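Right, one structure below, let's go through it.
None of the values given here were measured: they were computed from a predicted structure. Throughout, a chain's letter reflects where its sequence line sits, starting with A, and its residues are numbered from 1.
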Amino acid sequence: MKIATWNVNSIRARHDSVFAWISRAEPDVLCMQETKVVDDDFPTDELLRLGYTVAMSGQKSYNGVAIASRLPMTDVAIGLHDDAGAGESRLIRATVGGVRVYSAYVPNGKSPTNPSFKDKLRWLGRLKQTLQKEATPETPLCVCGDYNIAPEARDVFDPVAMAGQLHFHPDEHRALADLMAFGLTDVFRKHHQEAGLFSWWDYRAGAFRRDAGLRIDYVLATAPLAARCTAVEIDVAPREAEKPSDHAPVIATFD
DNA sequence: ATGGTTGTAACACAA
């Protein structure tokens, strides 16, 4: 089973790229973030025609997450456990082929000194609580998404310049480690050890051309699922295309 | 270079 995650940065602006990529990459499951449309504007029918079922949680203009799956999805749930249906659209999950799949869009945080930075840290703690309420470390489960955090020095283009900056701040690393202490591992690092493998490049200042990127999109899996992971790849091709998302898709393959 | 670019939206904000 191939499970992919991609921050598409507007499903409307990225419509053609996303459908071209799905047809080429043929993921069994695609978790999307930053769809930026209300549910009525999501291309549900078009995905159905390609053989995917769809679950989405959208909102106007910002955020928005979705899961498209070639296998039936059951037990779709939306939002953090304490959202009460009122939060931003940043989390959706469903069970697919016996695997609990999360599509998560972690708050950006704006800057370490901005109040929303602490919201980002708290959001990760609430995500852990949501996991604890519906799963155990023995549940075959993966949390796919845009974490807006580069975990380690090898995940950033310039660890010295990035030290203490947004996406690479000690507080973010602590919050991520605490989430992973639920019993999650970054399956990308089971298969790749080298530095300089990125999933996001800022639109500004020619970051992609300079390969000034970060690895902030990943798949965290519980042990029973991680043991079945045979490959993880970042597909840079869509980032090289015309009118790209600033993120590249990440594809994890499981036996 | 406390800049730069993109998407949504509306004359700014989020990323």
When the [atom1] atoms of [N] and [M] are considered, how many whole Å apart are they?
{"N": "dT2(B)", "M": "dA12(B)", "atom1": "P", "answer": "23 Å"}
{"N": "dG3(B)", "M": "dG7(B)", "atom1": "P", "answer": "23 Å"}
{"N": "dA15(B)", "M": "dA9(B)", "atom1": "C1'", "answer": "15 Å"}
{"N": "dT8(B)", "M": "dG4(B)", "atom1": "P", "answer": "22 Å"}

Original post:
Less than 4.0 Å between a side-chain N and a carboxylate O, is that true for Lys120(A) and Glu172(A)?
Top reply: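 Answer for the salt bridge query: yes.
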Charged N to carboxylate O under 4.0 angstrom, Lys110(A) versus Asp119(A)?
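So Lys110(A) does not pair with Asp119(A) through a salt bridge.
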Open item on the list: Under 3.5 Å, is there a donor on one side chain and an acceptor on the other for Tyr147(A) and Asp186(A)?
Closed with: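 Tyr147(A) vs Asp186(A): no donor-acceptor pair found between side chains.
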5' to 3', nucleotides 3-15 of chain B under a 4.0 Å protein heavy-atom cut-off (B base, S sugar-phosphate only, - none) gives -BBSSSS---BSB
Asp75(A) and Arg100(A): salt bridge (charged side-chain N to carboxylate O under 4.0 Å, His left out), yes or no, with the steps?
CA-CA 9 Å; Asp75(A) 301 298; Arg100(A) 193 74 175 144; 5.2 Å; no
| query | Can you tell me if Arg210(A) uses its side chain to pair, donor with acceptor, with the backbone of Ala205(A) under 3.5 Å? | reply |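 Side chain of Arg210(A) to backbone of Ala205(A): a pair is present.
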### Message
Is the ring pair Trp201(A)/Phe208(A) parallel, tilted or perpendicular, if the boundaries are 30 and 60 degrees?
### Response
perpendicular
